[in-house]
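Letters go in sequence order (proteins before strands), and every chain restarts at 1.
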Amino acid sequence: MALLEVKDLKVRVEEREILHGLTLTVNEGEIHAIMGPNGSGKSTLSHVIAGKPGYEVTDGEILFKGEDLLAMAPNERAAKGVFLAFQYPVEIPGVSTMNFLRTALNAQRKARGESEYSTPDFLKKVREVSKSLNIPQDMLKRGVNVGFSGGEKKRNEVLQMALFEPSLCILDEMDSGLDIDALRIAADGVNALHSPKRAMVVITHYQRLLNYIVPDIVHVMSKGRVVKSGGKELALELEASGYAQFEDAA
Amino acid sequence: MNVAVAKTGNGRAVSDLFASAAGRLPGSPSVIAVRREAFETYERLGLPHRRIEEWKYTDLRALVGEVLPLAAAPDAAALKRAADAVKAHAIAGARKLVLVDGVFAADLSDLKALGSEVSVKTLREVLENKANPAAADLLQTISSDAVISLNAAMATDGVVISVADGAQPSAPVQLIHVATASSASSFTRSHLRIGKGARATIIESFVAAGKTSAYQVNDAVILAVGDNADAAHIRLMDDSPDAVNITSQFVTVGANTKLNFFNMTTGAAVSRLQGFITLAGEGSELSVNGVNLLQKTEHGDTTLVVDHAVPNCVSREVFRAVIDDRAHSVFQGRIIVRPDAQKTDGKMMIRALLLSDEAEADNKPELEIFADDVSCGHGATAGALDDSLLFYLKARGLPEKQAQALLIQAFVGEAIEQIADDDLREHVIGIAERWLERRQ
Ligand SMILES: Nc1ncnc2c1ncn2[C@@H]1O[C@H](COP(=O)(O)OP(=O)(O)OP(=O)(O)O)[C@@H](O)[C@H]1O
Ligand SMILES: [Mg+2]
């Protein structure tokens with residue numbers, strides 16, 4: 001079943017069109033990789049899906065589980081199961097990671113009409129998940145991402161993903177800033193979440209990540225469009241030949 | 001201001017406000033003479049207005065207009081309503097002293113539990129003691145400010161607390177001001193003394209009983225902290241949203257002493273806290289934290305003068321204002337460093353968070369430095385919530401208001417975290433959370 005359907009999406013930022021009619025369908029259980037040169041619009045697509053303000057959709061639509069995603073507020077999208085692991089997670093001083101995680105998780109559950117987690121249940125869950133991702137407990141006492149290294153910030157994104165159990169996970173350059181061990185741990189975390197009901201969209205510049213998270217479909221984005229889609233061998237091809245061949249196609 | 005004028009026996013004009021309160025104002029004839037003089041000063045000056053520099057941003061003539069008649073002494077029904085309010089606002093573990101409509105309520109207070117280390121008298125009791133020739137000193141006006149003169153003239157009661165030298169009372173004292181009379185005013189004055197080497201926490205709470213509305217509070221506090229003491233002074237003004245609260249505080253700090261002062265304003269349509277803190281002994285550390293949480297059309301003014309009169313003291317002031325709707329926050333912080341006060345270390349930081357386009361913040365930090373070997377500084381910023389942080393929280397499932405609430409709590413947290421006592425800090429956080437819930 002189609003989880004995410006992006007149809008002929010045109011998006012402007014500050015009067016400039018960035019996405020020029022992008023189409024992408026992600027089915028339940030699938031892992032998609034999106035690759036493409038800097039500035040081709042990968043983060044823009046992920047932001048529009050998550051509902052970041054400042055983007056004007058001038059044409060096209062996005063359906064999530066058949067519903068009009070663009071009509072929903074960002075928090076409604078999150079509660080419905082959309083999760084974006086940001087390329088650049090922000091720092092939120094004064095809000096402890098633990099408090100943030102609990103508030104967010106319970107807000108999502110409340111929006112879905114589910115009961116809120118009790119404190120012991122929540123703590124148990126966080127402890128389990130953070131342990132599997134090699135995240136020390138004292139990091140969770142600090143302000144959200146405050147003073148975290150680049151790699152720690154990325155791991156914190158994966159931690160949230162594991163905790164919130166979304167049905168669509170978009171990972172925007174999860175691999176940038178991670179050392180080799182951290183990359184494997186984070187990728188294991190992502191793979192552990194993989195299920196027949198859950199889909200992943202992995203945005204990356206490097207074929208290496210795709211050795212760990214093996215995609216079903218690889219898309220090449222260039223200049224605001226998907227210009228080619230194929231199997232995982234497409235990533236290897238790109239690694240060898242670069243994006244030049246697609247610049248003209250776009 | 002109440003402009004109706006009555007002639008008194010000696011032919012002098014005194015307005016209704018004072019004349020009709022005559023039977024309610026405690027004191028021997030000499031005390032009454034002091035009151036009369038103070039009232040005349042007030043009459044001559046009238047309520048402060050914008051042409052008086054210190055009141056530039058808080059024009060009481062425009063914002064308040066007139067002083068309401070004195071609230072009646074609370075009857076049994078009023079005391080019962082007050083008891084409910086006290087229950088709702090009491091801090092776990094604290095010893096309560098309760099003033100209802102400006103009158104000490106012994107039955108609602110924990111006088112017995114205070115023990116011998118903390119002596120408590122009522123202002124009324126001291127003023128009525130004919131054997132005390134210095135009673136009138138308790139009504140000193142200290143400055144030429146009209147609201148302070150008015151307070152001296154009209155104060156019906158208050159508490160006179162003394163924490164003995166070296167005492168370390170295990171529980172904080174919570175002075176709760178409860179308003180039960182709508183459309184009336186109350187005037188209170190308290191004298192607090194924390195002895196040498198003592199360690200104590202005194203909290204003041206201002207609250208309304210039930211739906212008490214449109215009342216006015218004029219309070220004065222004179223606090224003296226002795227040498228080598230460690231004191232916390234917390235003021236939580238959570239009056240009803242259409243009330244007026246004008247409070248003047250005079251604080252002197254001895255040598256080698258630590259004083260943490262915290263004020264939070266979450267109530268009243270119009271409020272002003274004016275504090276005058278003098279560091280009078282060397283080697284002391286003063287920490288001042290102020291939070292204004294304002295919504296609707298509330299006007300909240302915190303004006304503090306920290307006077308470094310002697311060398312080698314440290315003062316740290318952190319002010320945070322959160323301003324919603326069409327509310328108006330004023331922070332005026334002045335640091336004075338006297339010529340002798342070398343090695344003074346004084347810092348002040350004011351930050352305002354504007355939650356609406358119509359919210360207004362007047363932040364005025366000022367330094368008056370007359371010594372040359374000092375380290376002083378101040379800063380002031382005003383801005384909106386950071387959109388990128390808000391989006392991050394929303395993308396994780398928090399609805400707009402909840403995302404804002406989390407960031408607002410973080411913003412004021414830096415000031416609230418200075419409160420060391422856990423129960424007290426939780427109480428303060430609770431008041432801030434209720435303020436957040438009232439936002440719409
Ligand atoms: N807020 C903005 N204002 C103006 N231009 C923007 C804004 N956000 C994105 N752009 C532009 O849109 C284009 C696409 O940016 P985007 O961040 O989506 O690229 P990307 O594919 O994620 O690149 P990278 O691989 O470097 O992360 C770029 O040219 C960028 O400069
Ligand atoms: Mg990007």
Student: Between the side chains of E157(A) and R396(B), is the shortest nitrogen-to-carboxylate-oxygen separation below 4.0 Å, so that they form an ion pair?
Tutor: yes

Student: Could you tell me whether K258(B) atom NZ has more than 12 heavy atoms of other residues or ligands within 6.0 Å of it?
Tutor: no

Student: Does K364(B) have more than 12 heavy atoms from other residues, nucleotides or ligands lying within 6.0 Å of its NZ?
Tutor: yes

Student: What are the two closest non-hydrogen atoms of A395(B) and A78(A), and how far apart are they?
Tutor: O-CB, 3.3 Å

Student: Taking CZ in R109(A) as the centre, count heavy atoms belonging to other residues, nucleotides or ligands within less than 6.0 Å. Is the count above 12?
Tutor: yes

Student: Is E91(A) in contact with chain B via its backbone, its side chain, both, or neither, using a 4.5 Å heavy-atom distance?
Tutor: backbone

Student: Side chains of N99(A) and L406(B), heavy atoms from C-beta outward: is any pair under 4.5 Å?
Tutor: yes

Student: Tell me, do Y392(B) and V144(A) make a side-chain contact under 4.5 Å, heavy atoms counted?
Tutor: yes

Student: Give me the one residue out of D386(B), L390(B), L389(B) that meets side chain to side chain contact (heavy atoms under 4.5 Å, CB included) with V90(A).
Tutor: L389(B)

Student: Could you tell me which of P74(A), A79(A), G143(A), G94(A) has the largest number of non-hydrogen atom pairs under 4.5 Å with chain B?
Tutor: P74(A)

Student: I'd like to verify something: which residue of V82(A), V95(A), L105(A) has the highest number of heavy-atom pairs under 4.5 Å with chain B?
Tutor: V95(A)

Student: Just how far is it from atom OG of S388(B) to atom CZ of F86(A), taken to the nearest 0.5 Å?
Tutor: 9.5 Å

Student: Report, as yes or no, whether the 6.0 Å neighbourhood of atom NZ on K80(A) holds more than 12 heavy atoms from other residues, nucleotides or ligands.
Tutor: no

Student: Identify which part of P166(A) has an atom lying under 4.5 Å from any heavy atom of chain B, answering side chain, backbone, both or neither.
Tutor: neither

Student: Would you say that more than 12 heavy atoms from the other residues, nucleotides or ligands in this model lie under 6.0 Å from the CG of D357(B), or not?
Tutor: no

Student: Pick one of side chain, backbone, both or neither for A73(A), based on which atoms fall under 4.5 Å of a heavy atom in chain B.
Tutor: neither

Student: Considering residues, nucleotides and ligands other than R316(B), do more than 12 of their heavy atoms fall under 6.0 Å from its CZ?
Tutor: yes

Student: How about N75(A) and L398(B): do any of their side-chain heavy atoms sit closer than 4.5 Å?
Tutor: no

Student: Working note: L393(B) + I92(A), criterion side chain to side chain contact (heavy atoms under 4.5 Å, CB included); need CA distance, chi angles, decisive distance, verdict.
Tutor: CA-CA 9 Å; L393(B) 295 175; I92(A) 313 181; 3.7 Å; yes

